[in-house]
Each structure stands twice: as C-alpha cells, then as structure tokens.
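Within every chain, numbering begins at 1; the chains are lettered A, B, ... in the order of the sequence lines, protein sequences first and strands thereafter.
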There are 2 protein chains.
Amino acid sequence: MARHAQVHVSTVSRALSEDPVGVGTETVRRVRELATMLGYHRDVGAAALRTGNSRLIGVLVPRLTDLVLATIYESIDAAAGTAGYTTVVSNTLDDPLRRRARLDALLSRRLDGVIIGDSHIGDTAAFELQQRGVPYVLVMRKLEGHLSVTTDDQLGGRLAAEHLLSLGHRRVGVIAGDLLASTGLQRSQGFRAAFDAAGYPVEDHYVVNSGFGARAGRIAGDQLMNLSIPPSAIFAVDDLTAVGAMGAIRAAGKRLREDVAIVGYNDVDLAANLPVPLTSVRSALTEMGRLSFEALQRRINGEEAESVLLKPVLIPRATTVEGWE
Amino acid sequence: MARHAQVHVSTVSRALSEDPVGVGTETVRRVRELATMLGYHRDVGAAALRTGNSRLIGVLVPRLTDLVLATIYESIDAAAGTAGYTTVVSNTLDDPLRRRARLDALLSRRLDGVIIGDSHIGDTAAFELQQRGVPYVLVMRKLEGHLSVTTDDQLGGRLAAEHLLSLGHRRVGVIAGDLLASTGLQRSQGFRAAFDAAGYPVEDHYVVNSGFGARAGRIAGDQLMNLSIPPSAIFAVDDLTAVGAMGAIRAAGKRLREDVAIVGYNDVDLAANLPVPLTSVRSALTEMGRLSFEALQRRINGEEAESVLLKPVLIPRATTVEGWE
DNA sequence: TCCACGAACGCAAACGATTGCGTGATGTGG
DNA sequence: CCACATCACGCAATCGTTTGCGTTCGTGGA
C-alpha cells in the first residue's frame, strides 16, 4: 500500500486517520482514493496492538434465543456500531462454568469493556472484571454495588398487581421465573408486596419458580391449574412464559380472561400480535440496551457514570380487560 | 511474564502452545502454573497479526430478534466455540447499505471466514467475498453457484400442501414472506406447485407478500380474511408470521382450524407451546447452524466442501388436525 | 578421548499499524 | 540575503506473539 502510493507507511496511516494532520491535502486525497481502489482496510487488530484499545466490547447474555435479550443485544450492537465499536456476544446459558470459559475467551481478545446481561445472584463475573480493571456495566439484571442499567422491576410487579386488584382478582398465581435472576425475583416481590398491602397475600404454593420461555411457562401453568382452587389470574414475569401458561389455561378447559386472566412482562413485539393479545408490563428494552452502551462508553473514557433505573408501564390488553381491541 | 518465569518469551510461547515441542517438561509445567497464577492470557489479536489467522468468523443475519436466525446463530456459535473460534454477528436488517457497511467493518478485523444467513436475491456480498478470497458459506437462504447449507424449502412447501389437501382443503391462502429471500419464495413455490398438480391452483390474490414476524403476519392475515371468499386454510412461510395470522383469523370472528386451518414453518420452540399448538414444517435449525460452521471450517483449511440440503418434516398439531393433543 | 547428535532454550525478524521526533523544503519577514 | 517559522513527510520504536535458526550443554558410542 505504501509502495503503491510512493509514500511512507506512516504517511498512509496519517492520511487515513479521521483527522489527517501533518499531511498535505493533495496527498491525503491521493492515498484515500488509492485505498478504495485497492479495497484496502486498516487492520483494526494491528492498530489495537499498538494503541491498546481494541474497539471491541463483549456482551454476556443468558441466551440469544430469548427474545428479550436478543432485543437488548440488538440495540447495544446498534449503538456500538455507530460509535465505531464491534460487539462480541456470548451465550452463557446461565451456567457458571460456561460463563467463566466464555469470559476468559473474551478477555483474551483484550476487549475495551463488557456488558453483562446475565448477572446472577452470587455470580463473580462482575467482581472479576472489577478486579482486572476492565470497564463493565450490568444490564437488565442488577447486582448490589455495580453500575447497572435496569428497569424498576419491583414497580413493574406492583403495576401488574394493582391492575389485577382493580379488576377484582383476589386469588392469584405467580410464575416467578428463575429465582437467581434479579428480574424474576424483584418482579414477583413487588407483585406480592402489593397484594400483601391490599390484604390479600399470595400463598406460597400459588407461586411457582420455573425457568424462562414458553415450555417452562406451560409446565408452571399446568401446576397452577391443578391446584384444588386454581387462581383467577396469573402474573408471569416474562411474556413467553405467559404464552406457555395461556396454553395451560386452555388445556385445563378454562377460558382466557373470563376464567383466568393473565399478565406478562416485557411487552415483546409478539404480545400485541397474539391471537388473544397479552396484557404486559413494558420495559424499555431497546432504551436499556442503548443506555447501557453509553454508560460503558463513559467508563471506557474514564468518565463517571451512574446507574439508571427506568420506569415500566403496564399495557392492558385482552387477557385481562373485556372488550379490548 | 517472560521475566517472571526467568525464561525467554519464545520459551513461554512454546510452553503455552498446545503441543509444547522443544521445551523441557519441567519448564512447561512451571510456566503454565505461573500463567494461571498471574491470570495471564495470550493475546489472540497479537497472535493473529503474526500467524495471519484471527480465529474469528463473522456471521451475517437479517436480525437476531428473529427467533429462527437466533437459533441458527446460537448453534453456529456453539460449534465455533468448541473449535476455538470466536464469532461476531451482525444484523443487516436485510438492507443492502447496512450489509455493505457491516461487512466492511467485519472484514477490517481480518476474519478467517464468514457465514451469510441473510443472502438476498441480487445480493453481492457472496460475490465480493469470493473475489476477495475470504472463505464463506451461505446458510438458511441459498444462492445459485455458492456453497450453502439449507433445508429443502420446495419440499417443505409441498409437505404443507399435501397435508392440507389430505384434509380436504381446496381454497387456500399463502403468506409468502419476503419475496427476495429464497426461503419464502421456494416454500410458496413448492406449496403452489403441489396445489397445481392436485388440480386446485392457488389464485394470485390468495398469495400475499409480507415481511417476516408477528406484526407482518397479522396484516397479511387481515388481508386474506377480507377477501370476498376467505380461504379455508392458510400456509405461512414462518411461524411467527403464522401467529400473527392466527390473530387475524380470530379478529375476523372465525374459529381456528374449524373455520380456517393454518400451517407455519420452522417449528420454533414456541409453536408447540402456543395456546393452540401450531402445525409447522420443521427445518433442522440447529443442525443447519452446526453444519454450516463445519463446512466453513473445511473451506478455511483448504479442503473441499459440498452444499447440504436437509429434509424438512411436517409436524401436525391442533391448528389443522382435530383432537390433537 | 573425541565427536556426533539431540534436547532445551535464546535470538531476532516478522505481522500491520501508530506516533514522537528529526529533517528537508518552502515560504516569509526584516 | 539571511534567519527563522511552518509544513510535509520519513525514520524508527513499539505493541505481543510466533517461528526458523543458531547456540549451548549433556550424553552415549566408537
């Protein structure tokens, strides 16, 4: 490349940099033209070696086939892309061993920062990054003492509870997801606290812990429907889980809403387009992704960043409200 | 690191390589122990600079929030991970400009190969990689003259058609997805060909082209339901699109299966766990992902690789078959 | 006793970029 | 006409590895 342009490689480097200082305008033009002609790209990896920053950030998620995390990752990637960063994503399957292995693999690429979307209670990934001095941000799930961008899951649970209470439901079930994820825990805590406060505490056997996803929801829903007195409404801490539970309600011969109402969480695109549109608590997923990247970027640049707690909103639809269209 | 171990850096390099030749067994042990103690990782990027292969592969997908592509990507990443490769994924949103930009960004990381999951008719990405000498494989969507791992979409369409024909359906609708994607095109072609052969050709206005996803399915479904004589069955080339169409059927006051049957495609996890389980044509998504990586790996190693065409299977469920459980 | 041989390890170049510093050319003011 | 500032560019070190080759040393056989 330097040979073709008849100049020194340092000149090429300067000419191709976004602020070409110390190179004649004519030379800059000539070099850049030649670069596009030859289809030449600067090797980001080699530059990373020299400058010390790879412009690469890692993202840890439980799994990408979970629509919620995929949505967040998409917005992280979009924000990162426009800022000139490349993202590398890793499925950890919420498995500590896998997480360690994947994090090691990532770290050996010298990334500039990490966004953790699969934080678990008792998980050490965040501490390890802190200790190694790698900038990081938690997203979706929070952990005490670490920078995070999340929605207020307690409030979200309370919104769902108040909605069901206002519709007259007194005996309700909760599908709480994974207890080790702060999301499931806090959503169900917020929900139960509101029912407690209203004087209708949710009994423990009306709360079932499952994983996330449709299949888990179906199983948990079956369990609730098989209680001697089934609940008149169900709060599922995840939309896909709610869809599975809808199947359980139907399989039990009950009618949706009329016999058993149901509220989901996250308001994924699918919720509004279901045959029976699903009432859901909307958490600003794409906004969370964007904000988490911005927070990480500030950390990378050595600036201060504060945790963000977004406000969820309940979107009522046909699974709880009559005549909704 | 070399200083700590009191040996030369070349010795460290050799000791840490998976086949340590030319280094004493005792030295190897000592160096490796020290490495774990110090939390030292070899810099993959620097090694890439020296050896010329980055152990990095790129994956192009339309979008990760599409469950189908997320599933494929997950299995690609799993296969790549065990082979010591890291994957970088890019959402192209089926937009040519974005695709170009993302591909350029990827290429400047000097990746060892690319898996293209968003190939479009008339798309130049594959040709460009071919010309630049970057190993690549198409997955999910095929393109004439390029190495690909796909399922037989024509056959899949035919399976859906034969299923509906055997149930007595004669006037059917098709939701064909994106016409520029080979999947949507070939599935609907296979479907229509089978109805043609049976003597019940599908009229053009019973075929609607939409995008993919639930929202697009809802809109397309509404369109079919508003025909003067609505179809007695619908074939949607994608499960999520089918879910949207189920909403349209319900909104039109019709009953699922009894008034309008529906068949989806891909058999994603959700299909079996829907309130009304969805009949779907199963394409081996995870297998496709794995095989595409293996094909790419062969190409990277300079071996020969042949295109793979997997066989789909129809899974009958409640949206077409009475009394299914 | 001497030489050949192999094992273990050090030396240095190379990968492709970035960047502080030095140098030559050009222009300008006194 | 000279001194000096300015601009454009080359030089060389550097990042962390890998790898061919050379060197040292110990051992065994003739």
Side-chain angles (χ1 to χ4, degrees), chain A residues 1-36 38-56 84-86 104-112 132-134, chain B residues 1-36 38-56 84-86 104-112 132-134:
Chain A
M1 175 69 198
R3 276 193 305 278
H4 278 93
Q6 311 263 33
V7 291
H8 195 264
V9 7
S10 67
T11 309
V12 175
S13 174
R14 276 186 263 256
L16 259 37
S17 89
E18 56 214 43
D19 174 35
V21 58
V23 186
T25 25
E26 169 58 18
T27 315
V28 170
R29 198 195 51 73
R30 198 162 49 84
V31 170
R32 292 194 170 178
E33 190 175 298
L34 207 61
T36 58
L38 269 59
Y40 167 85
H41 287 78
R42 294 196 282 183
D43 186 323
V44 187
L49 186 58
R50 172 63 228 258
T51 62
N53 45 16
S54 56
R55 299 198 81 73
L56 200 62
Y85 283 83
T86 302
D104 272 3
L106 286 184
L107 253 23
S108 72
R109 298 237 171 226
R110 298 284 146 104
L111 7 84
D112 290 349
R132 295 181 64 136
V134 179
Chain B
M1 177 68 199
R3 275 194 305 279
H4 278 91
Q6 312 262 35
V7 292
H8 194 264
V9 356
S10 65
T11 308
V12 174
S13 172
R14 276 186 263 256
L16 261 36
S17 89
E18 56 214 42
D19 175 34
V21 57
V23 187
T25 24
E26 169 58 18
T27 315
V28 169
R29 199 194 51 72
R30 198 163 48 85
V31 170
R32 291 194 170 178
E33 188 175 299
L34 206 63
T36 58
L38 269 60
Y40 167 84
H41 287 78
R42 293 195 283 185
D43 186 323
V44 188
L49 186 57
R50 173 62 228 256
T51 63
N53 45 17
S54 56
R55 298 198 82 73
L56 201 62
Y85 282 83
T86 302
D104 273 3
L106 286 183
L107 254 23
S108 73
R109 298 243 170 219
R110 297 284 147 105
L111 8 84
D112 290 349
R132 294 181 64 137
V134 179

Legend entry - Closest non-hydrogen atom pair, B:Val134 against B:Leu111: CG1-O, 4.5 Å

Legend entry - Protein-nucleotide distance (B:Glu18, atom CD; D:dT19, atom C1'), rounded to Å: 15 Å

Inset, instruction - Just call it for B:Gly22: base, sugar-phosphate, or nothing, with non-hydrogen atoms closer than 4.0 Å on any strand. - result: base

Inset, instruction - Mind listing the residues from residues 5-15 of chain B sitting with a heavy atom below 4.0 Å of DNA chain D? Number order is fine. - result: B:Val9, B:Ser10, B:Ser13, B:Arg14

Legend entry - A:Arg32 and A:Leu16, any side-chain heavy atoms less than 4.5 Å apart: yes

Inset, instruction - Please indicate whether B:Arg132 has more than 12 foreign heavy atoms, meaning atoms of other residues, nucleotides or ligands, lying under 6.0 Å from its CZ. - result: yes

Legend entry - B:Thr51 side-chain proximity, nearest of D:dT19, C:dA17, C:dT19: D:dT19

Legend entry - Sugar-phosphate, base or nothing in reach of B:Ser17, heavy atoms under 4.0 Å: nothing

Legend entry - Spacing of A:Arg42 atom CZ relative to C:dC15 atom P, expressed in whole Å: 20 Å

Legend entry - Carboxylate-amine/guanidinium proximity below 4.0 Å for A:Glu33 and A:Arg30: no

Inset, instruction - Quickly work out the B:Asp19 CG to D:dT19 C1' distance and round it to whole Å. - result: 14 Å

Inset, instruction - Take B:Thr25 and B:Arg50, find for each the nucleotide of DNA chain C with the closest heavy atom, and name the residue whose nucleotide sits nearer the 5' end. - result: B:Thr25

Inset, instruction - Please report, rounded to the nearest Å, how far the P atom of D:dT19 is from the CG atom of B:Leu16. - result: 14 Å

Legend entry - Any donor-acceptor N/O pair, A:Asp43 side chain to A:Gly45 backbone, under 3.5 Å: yes

Legend entry - Any donor-acceptor pair under 3.5 Å from B:Ser54 side chain to B:Arg110 backbone: yes

Legend entry - Side-chain heavy-atom pair A:Arg42, A:Met1 within 4.5 angstrom cut-off: no

Inset, instruction - Could you state the atom-to-atom distance from CG of B:Leu49 to C1' of C:dA17 in whole Å? - result: 8 Å

Inset, instruction - Rounded to the nearest angstrom, tell me the gap between atom CG in A:Asp43 and atom P in C:dC15. - result: 12 Å

Legend entry - Nearest-angstrom distance from the residue atom CE of A:Met1 to P of C:dA17: 9 Å

Inset, instruction - Could you check how far CZ of B:Arg110 sits from C1' of C:dG16, rounded to whole Å? - result: 8 Å

